[in-house]
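Working notes for the structure below.
Lettering of chains follows the sequences in order, A, B, ..., and the numbering in each one begins at 1. In this text, all values refer to a predicted model and were calculated from it rather than measured experimentally.
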Amino acid sequence: MSELRVRFAPSPTGYLHVGGARTALFNWLLARKQGGTFILRIEDTDVERSTKESVDAILEGMKWLGLEWDEGPFYQSDSFPLYKEYVQKLVDEGKAYKCYCTSEELDAKRNLAMQEGRKPKYDGTCRERTEQPVGQPYVIRFRAPQGGVTSFDDLIKGTITFPNDELDDLIIQRTDGTPTYNFCVVIDDASMRITTVIRGDDHVNNTPRQVQLYEALGFPVPQFAHVPMILGSDKARLSKRHGATSVIAYRDMGFLPEALNNYLVRLGWSNGDDEIFSRDEMVQKFDIHNVGRSASVFNTEKLLWLNAHYIKNGDPERLADLLLPHLSKREVTTLNGPDLMAVVKTLQERAQTLEEMAERAVFYYNAPTGYDDAALAKFDKELLVAVLDTVAEKLASATEADVHGIDALFKDVCTEKGWKMGQVGQPTRIALSGGTQAPGIGEIVVTLGVEETIRRIQKAREYIAQK
RNA sequence: GUCCCCUUCGUCUAGCCCGGCCCAGGACACCGCCCUUUCACGGCGGCGACACCGGUUCAAAUCCGGUAGGGGACGCCA
C-alpha cells in the first residue's frame, strides 16, 4: 500500500458527464496502479444547486464504469463546523478579515474595471479597515500575499507561475456563514491527506489561490495534475448541445462500460500506439506523465469502433443479459423464442451497440409481419415459390442441424436445381427475417430451429403466391 | 481587457525532455480492391498533418524568440 491518496470531487449539480468520468478514471487508475487510495467526495457547499438526484446519478455512473472508490462518499456539507473553525483560525491570526462590501458594490466595481481594461479583482476596500460596523452583513476574505509570485509544479503541464498581483483577496466565507469552494477544497484535501490532486484544466487558475491557502494554514501542499478539457466537434467545451454527455446516456444507447473506459483513457493519454486496453492493462500501463497537455475532441465514431470491438469479443452470456433491457424497450420477449445467447452469437460481429443488436434481434422473436418487396422484386415470382418450396422440403427431411450442415444443404439445393446461391439464400433470408440485412442463412436456421424456419418459409410462400 | 494554458493528418495520438534513424508512425473516419448468399467481420491499398515567421545548428516536428489562432480563468458557482 503506497501513501498515494487521490480523490474525485464532483459537485452534485447534474449527472456524471464524460469529462468528469475521465477525471475519475485517471484518479482511479493512478490509485490502482500505485496501490493508493481513491476517495470520492461530493462538493455540495452550494446548497442552492446541489441535489440528491445528482448525487445518485453520479454514483450510478461511477458504479456502471466500475470506478469503485475506497473511501467515501464524503459530503462537504457534513464538515461545515470544521471549515468554520479554520476560518476563525485565519481571522484570529490576521490572515483573513471581514468585508462589508455588498455584492452590488462589488459587481459595479468589477464591471467598471472590465470596461477600463483592468483586471476585475477586489480592490481591498475592507482589507485594512479598522472600525467594524455592528449588525451589518459581512463575508470573510483571505488576506492574500501581495507582490512576488506563487507557483507550483503540475505533473502534466510543468511549472506554472502566477504573479501574486493577479490574485485578489478571495471570499472564504459567505454572508450566510457558509464556506466557499476554494477554501473547502483546501481544508478537505488537507484533512483527507490527499497527496495528488487530479482535476480538470479549468482549475489551474484556482490553484495558486489554494496554494496560498495551504501555506497560510500551515498544511503541506499536494501535487497537482491538471487534465485538459474535452471539447465538442466544434472545439468548444463539450456540452449537451454536442449530443450526449452523460455517462448513463451512453449506457442507455447500448455502449459497454469497458468501451467507454477504453475510449476515455485514450482521450489525452497514450501508451505508444496501443489502442485497446483491458482494465488490467490500463492499470498496469497508466502513467500520469503520459497525459497530453492539449484539449481533445470527443469523437463518437471512435467510441463506436471500440464498442463494436468489445461486443465482438465479449462473452455472449453477459451480452445477452445486458441486451435484455434493450429488447424489452422494443416489447420483445425472449420466452417463446430461441436461446438469447445463440441469438447474440449471430449478431456480435454485426452490431456496434446493444441498441443496434437489439434491433437486429427482433426478428428472431417476432416473425416478420411484412417483407421487403423491393428486394423480393429482384426475383421472378415462379422462382421464389419454387425456391421456398424446395428449401422447406429439404429442411423437413434434414438430419444435420448445425450451421455447416445447413449451409451444405443450401449448396446442394443450388447444384441440384442449377440455381445460384444468391437466388436461394436471399429469398430465404427475406422469408425468415423480413429483410435483407441479417446473419448468415445457416446461422439463422440453426438459431431459429428447423421447425420455425419451415413455418416462416411457408408463410412467406403464401404471401408471394398471392401477390 | 488582464492573467494562465494549448497548437503534429478531419478526429484521437506516437515522436519532442535526450536535435540526425521522420520528405513524420499508428488508430478512427473516408475512398478503392479482395473475401462473400444479404448485412457485417476480416485482409490489402489509398487519401491525409509538424499553425506561421525568424534564430541557433553541418542538421529542427524536436532547442530559442516572436506572431497568429484556440481554450480556460477573472463569482458571496464548483
- Query: Within less than 4.0 Å of OP1 or OP2 of rU11(B), is there a side-chain N or O belonging to S296(A)?
  - Reply: no
- Message: Which label fits F224(A) and Y214(A): parallel for a plane angle under 30°, tilted from 30 to 60°, or perpendicular past 60°?
- Response: perpendicular
- Query: Across the strands shown, which category fits E275(A) at heavy-atom distances under 4.0 angstrom: base, sugar-phosphate, nothing?
  - Reply: base
- Message: With a 4.0 Å limit, can you tell me whether R350(A) has a side-chain N or O closer than that to the phosphate oxygens OP1/OP2 of rG42(B)?
- Response: no
- Task: Check whether NZ of the Lys or CZ of the Arg R266(A) lies under 6.0 Å from the centre of the six-membered ring of F277(A) and within 45 degrees of that ring's axis.
- Result: no
- Item | Nearest-angstrom distance from the residue atom OH of Y181(A) to C1' of rC74(B) | 15 Å
- Query: Could you give the NE2-to-P distance, from H309(A) to rG42(B), as a whole number of Å?
  - Reply: 10 Å
- Task: To the nearest Å, give me how far apart CD (Q352(A)) and P (rG42(B)) are.
- Result: 10 Å
- Which part of the nucleic acid, if any, lies within contact of H226(A), taking any heavy atom under 4.0 Å across all strands shown: a base, the sugar-phosphate backbone alone, or nothing? nothing
- Using a cut-off of 4.0 Å on non-hydrogen atoms, how would the nucleic acid contact of G268(A) be classed: base, sugar-phosphate, or nothing? sugar-phosphate
- Touch check for R266(A), heavy atoms < 4.0 angstrom, all strands: base, sugar-phosphate only, or nothing? base
- Query: If you look at every strand shown and take non-hydrogen atoms under 4.0 Å, does D107(A) touch a base, only sugar-phosphate, or nothing?
  - Reply: nothing
- Message: Please determine whether any donor N or O and acceptor N or O are separated by less than 3.5 Å between the side chain of N206(A) and the base of rA78(B).
- Response: yes
- Query: Across the strands shown, which category fits P439(A) at heavy-atom distances under 4.0 angstrom: base, sugar-phosphate, nothing?
  - Reply: base
- Query: According to the interplanar angle, ranging from 0 to 90°, do the rings of H203(A) and Y181(A) count as parallel (below 30°), tilted (30 to 60°) or perpendicular (above 60°)?
  - Reply: tilted
- Query: Hey, does S50(A) reach any base, or is it just sugar-phosphate, or nothing, if we go heavy atoms under 4.0 Å?
  - Reply: nothing
- Regarding D56(A) and Y15(A), is there a side-chain donor-to-acceptor distance under 3.5 Å anywhere? no
- Note on the structure: Whole-Å distance, I230(A) CD1 to rG71(B) P, equals 17 Å
- Message: Applying a 4.0 Å non-hydrogen cut-off, can you work out what R237(A) is touching in the nucleic acid: base, sugar-phosphate, or nothing?
- Response: sugar-phosphate
- Counting any heavy atom closer than 4.0 Å, what does D407(A) reach on the DNA or RNA strands: base, sugar-phosphate only, or nothing? base
- Item | Between rA40(B) (C1') and R429(A) (CZ): distance, integer Å | 11 Å
- Query: Between the side chains of H242(A) and D234(A), is a donor N or O closer than 3.5 angstrom to an acceptor N or O?
  - Reply: yes
- Query: Is any side-chain nitrogen or oxygen of K235(A) closer than 4.0 Å to OP1 or OP2 of rG69(B)?
  - Reply: no
- hbond_proxy N205(A) side chain to rG72(B) base (donor-acceptor, 3.5 Å cutoff): yes
- Item | Partner nucleotide of rU7(B) by Watson-Crick or wobble geometry (both distances under 3.5 Å) | rA68(B)
- Message: Students often get this wrong, so: under 4.0 angstrom with heavy atoms, is K420(A) touching a base, only sugar-phosphate, or nothing?
- Response: nothing
- Please determine, for rC76(B), whether a Watson-Crick or G-U wobble partner exists with both distances under 3.5 Å, and give it or none. none
- Message: Any base atoms under 4.0 Å from V297(A), or only sugar-phosphate, or nothing? Heavy atoms, all strands.
- Response: sugar-phosphate
- Task: Rounded off to whole Å, could you give me the NE2-to-P distance for the H289(A) and rA14(B) pair?
- Result: 15 Å
- Looking across every strand, which nucleic acid part, if any, lies under 4.0 Å from I441(A) by heavy atom: base, sugar-phosphate, or nothing? base
- Message: Please report the distance, rounded to the nearest Å, between CG in L264(A) and P in rU13(B).
- Response: 11 Å
- Query: Which nucleotide, in any strand shown, forms a Watson-Crick or G-U wobble pair with rC44(B), with both distances under 3.5 Å?
  - Reply: rG32(B)
- Message: Tell me the interatomic distance from D165(A), atom CG, to rC3(B), atom C1', rounded to whole angstroms.
- Response: 12 Å
- Would you mind classifying the nucleic acid contact of S294(A) as base, sugar-phosphate or nothing, using non-hydrogen atoms under 4.0 angstrom? sugar-phosphate
- Item | Syn/anti state for rC41(B) [syn: chi within 90° of 0] | syn
- Would you kindly say whether T178(A) and D176(A) are connected by a side-chain donor-acceptor distance under 3.5 Å? yes
- Under 4.0 Å between any heavy atoms, over every strand shown, what does T436(A) touch: base, sugar-phosphate, or nothing? Just pick one. base
- Parallel, tilted or perpendicular: which fits the ring planes of Y250(A) and F298(A), with parallel below 30° and perpendicular above 60°? tilted
- Message: At less than 4.0 Å, is any side-chain N or O atom of R110(A) found next to OP1 or OP2 of rC74(B)? Yes or no.
- Response: no
- Give a yes/no on whether any side-chain N or O of T45(A) is located under 4.0 angstrom from OP1 or OP2 of rA78(B). yes
